Student: 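One structure is given below, represented as structure tokens, and several questions about it will come after.
Along the sequence shown, residues carry numbers from 1. Every number for a ligand or one of its atoms is a count from 1 in the order of the listing. Since we're looking at a predicted model, the values are computed, not measured.
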Amino acid sequence: YPDPQQSNLKSVLATQNKVSKKQILLGNGSDEVLDLIFRAFCEPKVDNVITLPPTYGMYGVLANLNNIENREVLLSSDFQPKVEQILEVVDACSKILFLCSPNNPSGNSFSDDAVVKLLENFKGLVVIDEAYIDFSEKESWLNRLSDYPNLIITQTLSKAFGLAGIRLGICYASEEIIAVLNKIKPPYNVNELTQQRALERLSEPEKIKGEISSIIEQRVKLLEVLVDVNFVEKIYPTEANFILIKVDDANKRYDELIAKGIVIRNRTTQPLCENTLRLTIGTEEENKKLIEVLKQL
Ligand SMILES: *Cc1c(COP(=O)(O)O)cnc(C)c1O
């Protein structure tokens with residue numbers, strides 16, 4: 001059996017991130033961590049959570065699965081949280097507010113000012129989902145963990161660390177919050193192979209840094225090309241490993257790219273995202289192919 005407390009892995013994460021091991025909970029991907037947070041802190045059919053579309057779809061899926069009302073407050077047109085409106089929809093049963101920063105699918109991160117106001121005024125737990133933090137120049141909210149007892153931060157090895165297949169999600173919070181989550185987690189939720197592979201990966205921080213730099217380099221290149229593509233109407237600022245663009249006709253452009261063997265995300269049905277496409281930065285070779293095809297179109 002694997003170590004149910006993943007002690008070796010937590011030691012490395014604790015040292016690298018300057019937190020105590022008791023402030024870490026690991027899960028089978030951050031999706032499991034998010035589910036545990038719902039199950040620990042929300043009463044089905046009674047409580048509600050606040051999410052800010054357009055954002056990561058799993059918050060809404062997990063709210064439904066757990067029979068928790070999901071109160072949605074749209075982001076502003078520049079994809080920032082509307083603090084006043086959020087605090088207006090809150091009631092005594094609002095237990096969790098989900099902030100995804102950098103946000104998926106818009107790519108921007110939320111202003112410090114908005115996040116601080118929400119941390120200070122929202123009476124429930126604030127989850128900051130930092131799945132894409134390694135691609136951003138902004139600091140992680142981890143540095144502020146001790147300032148806000150209601151703050152939970154989730155991270156993952158699925159994006160910048162390139163290990164979506166091993167399923168390792170990380171949750172940082174106060175010792176009190178982690179102790180509650182620990183009580184309800186399945187004992188062997190992180191298998192031994194995952195723990196070993198994660199340890200290996202965490203022991204090569206310089207290599208990971210290099211990989212992230214090259215993704216950011218590719219992002220810069222792609223952004224430069226997109227400016228000159230005639231059907232691209234808007235390029236949204238990004239701090240993630242993807243770029244959201246507004247085009248003339250998202251469905252048409254999506255199909256054209258599929259026909260050329262390139263699969264991107266069509267986000268046109270998401271609120272505030274009419275006619276948008278999300279392009280993930282690939283390898284240098286994939287990027288070249290995408291650029292070639294965009295120019296042809
Ligand atoms: C991909 C993603 C996750 C899921 O990560 P896993 O650890 O693979 O479950 C969580 N949040 C956001 C915003 C994501 O884009």
Student: Sequence neighbours excluded, which residues qualify as salt bridge (charged side-chain N to carboxylate O under 4.0 Å, His left out) partners of Asp78?
Tutor: none

Student: Could you list who else is in Tyr188's hydrophobic cluster, with ILVMFWY side chains joined at under 4.5 Å, directly or through other members?
Tutor: Tyr1

Student: Output yes when a side-chain donor or acceptor of Asn66 lies under 3.5 Å from a complementary backbone atom of Cys42, and no otherwise.
Tutor: no

Student: How about Phe242 and Phe135: are their ring centres within less than 6.0 Å of each other?
Tutor: no

Student: Considering only N or O atoms, set out every pair between ligand 1 and the protein closer than 3.5 Å, with distances to one decimal place.
Tutor:
{"residue": "ligand 1", "atom": "5 (O)", "partner": "Ser30", "partner atom": "OG", "Å": "3.0"}
{"residue": "ligand 1", "atom": "7 (O)", "partner": "Ser30", "partner atom": "N", "Å": "2.7"}
{"residue": "ligand 1", "atom": "7 (O)", "partner": "Ser30", "partner atom": "OG", "Å": "2.9"}
{"residue": "ligand 1", "atom": "7 (O)", "partner": "Thr156", "partner atom": "OG1", "Å": "2.5"}
{"residue": "ligand 1", "atom": "7 (O)", "partner": "Ser158", "partner atom": "OG", "Å": "3.4"}
{"residue": "ligand 1", "atom": "8 (O)", "partner": "Ser158", "partner atom": "OG", "Å": "2.6"}
{"residue": "ligand 1", "atom": "8 (O)", "partner": "Arg167", "partner atom": "NH1", "Å": "2.8"}
{"residue": "ligand 1", "atom": "8 (O)", "partner": "Arg167", "partner atom": "NH2", "Å": "3.3"}
{"residue": "ligand 1", "atom": "9 (O)", "partner": "Ser30", "partner atom": "N", "Å": "3.1"}
{"residue": "ligand 1", "atom": "9 (O)", "partner": "Asp31", "partner atom": "N", "Å": "3.1"}
{"residue": "ligand 1", "atom": "9 (O)", "partner": "Asp31", "partner atom": "OD1", "Å": "3.4"}
{"residue": "ligand 1", "atom": "9 (O)", "partner": "Arg167", "partner atom": "NH2", "Å": "2.8"}
{"residue": "ligand 1", "atom": "11 (N)", "partner": "Asp129", "partner atom": "OD1", "Å": "3.3"}
{"residue": "ligand 1", "atom": "11 (N)", "partner": "Asp129", "partner atom": "OD2", "Å": "2.6"}
{"residue": "ligand 1", "atom": "15 (O)", "partner": "Asn104", "partner atom": "ND2", "Å": "3.0"}
{"residue": "ligand 1", "atom": "15 (O)", "partner": "Tyr132", "partner atom": "OH", "Å": "2.7"}
{"residue": "ligand 1", "atom": "15 (O)", "partner": "Lys159", "partner atom": "NZ", "Å": "2.9"}

Student: Looking at every non-hydrogen atom in both residues, tell me the closest pair between Ile152 and Ala173 and how far apart they are.
Tutor: CG1-CB, 4.0 Å

Student: Would you please name every residue forming a ring-ring contact (aromatic ring centres under 6.0 Å, His included) with Tyr56, sequence neighbours left out?
Tutor: Tyr59

